[in-house]
Visitor: 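Here's a structure for you.
In listed order, ligands and their atoms are each counted from 1. All values reported here derive from a predicted model rather than from experimental measurement.
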Amino acid sequence: MPKKRKSRGRHKGGKGKEYMVQCDECGALIPRSKAVKLTRPVSVVDPQLAKELRKQGAIIPRYRVTKYYCIRCAVHRGIIRIRSEEERKKVPSFW
Ligand SMILES: [Zn+2]
């Protein structure tokens, strides 16, 4: 049977079951290997204000927030894109 993707859209390989994660956008339960993991630095202070405070010598902490997205939400938010037939065969970078 022809496959759309070499990895069948996951990266668990021959492993059996694996733990589920919840999508941070819609709350859907998805397997860890199928989820899109995104780590972004988040500042608690407004960027314009943070720039000025840093100029005056203040140290503003930046936190790293890791979020999981289901494929639907990741496509909708523009984190991943629908890929062409050849592109689909490659291992994506977001795993
Ligand atoms: Zn979702």
Visitor: Once rounded to the nearest 0.5 Å, what's the spacing between atom NZ of Lys51 and atom CG of Asp46?
Guide: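 Going from the NZ atom of Lys51 to the CG atom of Asp46 covers 12.0 Å.
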Visitor: Hydrophobic clusters here meaning ILVMFWY residues chained together by side-chain heavy-atom distances under 4.5 Å, can you tell me if Leu38 and Val42 are in one?
Guide: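 In one cluster: no.
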Visitor: With 2.8 Å as the threshold, which protein atoms of type N, O or S lie near the Zn ion (ligand 1)? Leave waters out.
Guide: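 Cys23 SG, Cys26 SG, Cys70 SG, Cys73 SG, with waters left out.
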Visitor: Once rounded to the nearest 0.5 Å, what's the spacing between atom OG of Ser33 and atom NZ of Lys15?
Guide: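 It is 7.5 Å, given to the nearest 0.5 Å.
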Visitor: Does any pair with a residue in residues 20-29 pass salt bridge (charged side-chain N to carboxylate O under 4.0 Å, His left out), and if so which ones, sequence neighbours excluded?
Guide: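 Output for this query lists Glu25-Arg77.
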Visitor: Once rounded to the nearest 0.5 Å, what's the spacing between atom OH of Tyr68 and atom OG1 of Thr39?
Guide: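 Spacing of OH (Tyr68) from OG1 (Thr39) equals 8.0 Å.
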Visitor: How long is the gap from SG on Cys73 to NE2 on His76, to the nearest 0.5 Å?
Guide: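 The NE2 atom of His76 is 7.5 Å from SG of Cys73, to the nearest 0.5 Å.
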